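Let me begin by presenting the structure, written as structure tokens, before commenting on it.
Being a predicted model, the structure only gives us computed values, none of them experimental. Letters A, B, ... mirror the listed sequences (proteins, then strands); counts begin at 1.
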Amino acid sequence: MYITTTIPYVNARPHLGHALELVQADVLARHHRRRGEPVRFQTGTDDNSLKNVLAAEAEGVPVRELVDRNAAAFEGLRGPLDLSFDSFIRTSAHPGHRPGVERIWQATAHDLYTRHYEGLYCVGCEQFYPQGPCPDGHEAPLQPVSEVNWFFRLSRYRDALLDLIGGGRLRVEPAARRNEVLAFLRAGLDDISVSRSAARARGWGIPVPGDPGQVVYVWWDALANYVTALGGGDYERWWEREPRKVHLVGKGVIRFHAVYWPAMLLSPGLPLPSAIVVHDYLTANGRKISKSSGNAADPVALVDAYGVDAVRWWLLREVPRVGDADFTEARLVTRADEDLAGGLGNLVSRVAAMVCRFLDGHVPPPGEPPADVAEAVHEALADFDFRRAAGAVRRLVDEANKYVELTRPWQQDTAGRERSLGTLVHTCRALAVQLEPFLPTAAARVAAAVGGTRLSRPEPLFPRLSTPAVSGRRPGGSAGPG
RNA sequence: GGGGCGGUAGCUCAGCCGGUUAGAGCAUCGGACUCAUAAUCCGUGGGUCGUGGGUUCAAGUCCCACCCGCCCUACCA
């Protein structure tokens with residue numbers, strides 16, 4: 001499976017919304033990898049946006065410097081968020097990108113033509129409007145522009161796209177988003193402008209082949225990254241031969257991915273992606289995420305404060321597929337304490353403690369087949385429903401806790417304890433396996449705590465976040481074994 | 001203006017092609033247990049399913065209009 005995120009422009013540092021998409025992609029990648037399927041997970045940055053140029057001008061630093069710095073911040077999410085991407089492409093730096101964009105341009109030449117265009121251009125939106133002001137409220141005034149641009153015959157592909165998406169050959173998930181795309185297609189497609197004057201772009205971007213006065217429209221440029229990043233034999237392997245190619249995108253850029261991009265590929269007859277997975281937006285404390293959101297929307301700051309487990313878990317367990325989700329630190333803490341500390345962590349803790357106390361640490365075989373959620377997790381992830389998948393893991397924890405109350409090992413004889421605790425230990429092991437895509441490092445800790453044939457009493461795997469420190473931390477528990 | 005999606009218990013949300021007394025988690029309240037991270041388990045209370053019409057033997061679940069929120073898109077005069 002080939003999994004991609006969108007490549008954000010780097011006029012600012014990454015925020016929690018970027019983290020959401022990256023973590024979702026990471027879960028898919030880890031899930032399919034552990035199933036033994038070949039996976040390539042790719043992300044990166046769009047360096048060629050004019051917004052980057054403007055941000056640099058505003059800061060008074062060279063574009064290159066700003067782009068390099070912010071791109072590094074995006075790539076730097078890998079460690080704090082435990083991301084497992086296989087490649088990180090930067091559109092301004094990847095050696096294969098520019099030639100790739102040029103090749104696609106030439107391969108679509110039969111659908112390209114020039115047309116004189118006049119309009120008002122908003123640099124914030126990177127697009128034209130018939131009138132001002134910019135509907136998104138960008139502050140920079142609209143610039144009157146009159147120039148010759150290259151156009152792409154998008155209109156030609158309407159029926160084919162309707163067919164592909166309507167028929168499910170190209171999935172758009174969730175279904176609500178697919179309906180949206182279909183409605184848009186039915187309304188008809190106009191040809192789109194796919195170049196900008198180089199002068200207006202401050203020379204930033206990829207020149208149109210054979211027309212150095214123009215640069216390739218940044219979206220055309222950016223979308224191409226999904227194939228241009230695949231160098232060497234990777235293109236054949238991951239784009240031509242791989243049947244499952246999944247793009248994760250935000251709801252604001254559906255059209256680019258579900259309409260423009262497939263059309264760009266249809267024109268030269270290249271293979272299409274298999275699925276566009278759309279997530280909605282995050283707000284922070286009820287408001288749109290912006291620089292003023294401060295640490296509440298800074299993924300690295302949140303990881304520093306609460307740990308990667310809590311942050312990933314919140315993103316996966318609490319964000320619905322449709323509808324914006326509001327992030328607050330209180331919700332993150334509640335969710336982590338409930339599910340991770342009180343749920344999974346406490347379960348592992350009590351199970352290990354009972355094995356130590358009642359069975360001298362020896363792990364018995366399962367008394368009965370431990371409940372499993374592998375299928376539920378897999379089905380949910382096949383639907384790209386991350387919350388349902390995480391919920392399935394959580395449900396198994398609940399069932400295991402109920403099983404503890406039901407069997408009450410502390411009231412049993414040895415045989416009963418072995419039956420019950422054997423089942424519980426093996427359930428915890430299954431949990432560690434199922435947790436891995438969601439919380440990879442935590443899953444490893446769980447696996448370590450319940451692995452082997454002899455258990456010891458573990459330290460809390462997930463310390464509570466809401467209690468102010470630990471009341472009276474134990475003065476070192478290293479007095480000896482047992 | 002057009003299109004799409006949301007508006008279900010205090011909060012966050014499930015409810016597929018219409019069908020028994022509308023569900024879950026959390027929060028509230030009561031109880032149980034003591035293996036565990038003052039964790040866990042059981043039970044209770046709580047809802048005009050945005051508003052108003054309509055179709056139907058039957059609608060949260062279909063149709064129409066309207067209100068609110070979000071996204072995309074476009075402004076006829």
Of the candidates G3(B), U73(B), C35(B), the side chain of Arg255(A) sits closest to U73(B)

For the pair made of NZ in Lys402(A) and C1' in A36(B), what is the distance, rounded to whole Å? 16 Å

Could you check which of A32(B), C35(B), C5(B) has an atom nearest any side-chain atom of Arg408(A)? A32(B)

Given atom CZ of Arg186(A) and atom C1' of C72(B), what is their separation to the nearest angstrom? 16 Å

Just by distance, with hydrogens left out, do Gln42(A) and Asn225(A) show a side-chain donor and acceptor under 3.5 Å apart? yes

Out of A14(B), C41(B), G4(B), minimum distance to the side chain of Glu180(A) belongs to G4(B)

Non-hydrogen side-chain atoms of Arg35(A) and His31(A) separated by less than 4.5 Å: yes

Does Lys251(A) make a side-chain N or O approach to OP1 or OP2 of G4(B) shorter than 4.0 Å? no

Go nucleotide by nucleotide along RNA chain B from the 5' end; which of Ala176(A) and Phe462(A) gets its closest nucleotide reached first? Ala176(A)

With sugar-phosphate meaning primed atoms plus P, OP1 and OP2, does Pro409(A) contact a base, only sugar-phosphate, or nothing at under 4.0 Å between heavy atoms? nothing

Of the candidates U73(B), C35(B), U37(B), the side chain of Ala341(A) sits closest to U37(B)

Under a 3.5 Å threshold, yes or no: a donor from one side chain and an acceptor from the other, between Asp111(A) and Tyr157(A)? yes

What distance, rounded to whole Å, do you find between the two C1' atoms, one in A39(B) and one in U21(B)? 35 Å

Go nucleotide by nucleotide along RNA chain B from the 5' end; which of Ala353(A) and Val253(A) gets its closest nucleotide reached first? Ala353(A)

Stems with RNA chain B, 3 or more Watson-Crick or G-U pairs in a row (under 3.5 Å), are B:1-7 with B:67-73, B:10-13 with B:23-26, B:29-32 with B:40-43, B:50-54 with B:62-66

Nearest-Å distance for atom pair CG/P, residues Asn179(A) and C70(B): 22 Å

Would you indicate whether the side-chain heavy atoms of Val216(A) and Trp105(A) approach each other to under 4.5 Å? yes

Is the closest side-chain heavy-atom distance between Leu344(A) and Asp339(A) below 4.5 Å? no

Report yes if at least one side-chain N or O of Asn401(A) is closer than 4.0 Å to OP1 or OP2 of A39(B); otherwise report no. no

Could you give the distance separating A22(B) and A58(B) at their C1' atoms, to the nearest angstrom? 15 Å

Roughly how many Å apart are A9(B) and G54(B), using the C1' atom of each and rounding to a whole number? 28 Å

Separation of Asp280(A) atom CG from U12(B) atom C1', in whole Å? 16 Å

Measure from the side-chain heavy atoms of Glu405(A) and tell me the nearest of A32(B), C70(B), C41(B). C41(B)

Of all the choices, A14(B), U40(B), C5(B), which nucleotide is nearest to the side chain of Asn346(A) once you look at every atom? U40(B)

C26(B) versus U44(B) - spacing of their P atoms, nearest Å: 14 Å

Distance, C1' atom - from G18(B) to C49(B), rounded to whole angstrom: 15 Å

Given U40(B), U34(B), C41(B), identify the nucleotide with an atom nearest to the side chain of Trp410(A). U34(B)

Would you tell me if any nitrogen or oxygen in the side chain of Arg357(A) comes within less than 4.0 Å of OP1 or OP2 on C35(B)? yes

Atom-pair distance (CZ on Arg321(A); P on G4(B)), nearest Å: 20 Å

Side chain proximity check, Leu223(A) to His257(A), heavy atoms < 4.5 angstrom: yes

From CD1 of Ile254(A) over to C1' of C70(B), roughly how many Å is that when rounded to an integer? 12 Å

When we call it a touch if two heavy atoms are under 4.0 Å apart, what does Gly342(A) touch: a base, just sugar-phosphate, or nothing? sugar-phosphate

In whole angstrom, give me the gap between the P atoms of G69(B) and C64(B). 22 Å

Below 4.0 angstrom from OP1 or OP2 of U34(B), is there any side-chain N or O of Gln411(A)? yes

Base, sugar-phosphate or nothing for Leu461(A)? Non-hydrogen atoms, less than 4.0 Å. base

Say you pick atom C1' in U51(B) and the same atom in G6(B); how far apart are they, in whole Å? 16 Å

Please confirm whether the ring centroid of Trp150(A) lies under 6.0 Å from the ring centroid of Tyr217(A). no

Can Arg30(A) be said to sit on top of Phe438(A)'s aromatic six-ring, NZ or CZ under 6.0 Å from centre and within 45° of the ring axis? no

Please determine, for the side chain of Glu338(A), which listed nucleotide (C5(B), C70(B), G25(B)) has the closest atom? G25(B)

Counting only side-chain nitrogens and oxygens, does Arg388(A) get under 4.0 Å of the OP1 or OP2 atom of C13(B)? no

Considering only U37(B), U12(B), U40(B), which nucleotide approaches the side chain of Arg331(A) most closely? U12(B)

Donor-acceptor check, side chain of Thr407(A) to backbone of Tyr403(A), threshold 3.5 angstrom: yes or no? yes

For Phe327(A) and Trp314(A), I'd like to know if the aromatic rings sit close, meaning centre-to-centre distance below 6.0 Å. yes

Expected output is a numbered-order residue list: members of residues 422-452 of chain A with a heavy atom under 4.0 Å from any atom of RNA chain B. What is it? none

Rounding to an integer number of Å, can you tell me how far Glu459(A) CD sits from U37(B) C1'? 10 Å

In whole angstrom, give the distance that lies between atom CZ of Arg177(A) and atom C1' of C70(B). 9 Å

Plane angle bin for His378(A) and His32(A) - parallel if under 30°, tilted between 30 and 60°, otherwise perpendicular: perpendicular

If you measure from the P atom in C42(B) to the same atom in A24(B), how many Å do you get, rounded? 12 Å

If you only use heavy atoms from C-beta on, which nucleotide in C33(B), C11(B), U37(B) is closest to the side chain of Arg457(A)? U37(B)

Side-chain N or O of Arg464(A) less than 4.0 angstrom from OP1 or OP2 on A39(B)? yes

Under 4.5 Å between any side-chain heavy atoms of Arg317(A) and Val393(A), yes or no? no

Once you apply a heavy-atom cut-off of 4.0 Å, does Arg335(A) come out as touching a base, just sugar-phosphate, or nothing? nothing

Honestly, is Lys245(A) close enough over Tyr226(A), meaning NZ or CZ under 6.0 Å from the six-membered ring centre and within 45° of the axis? no

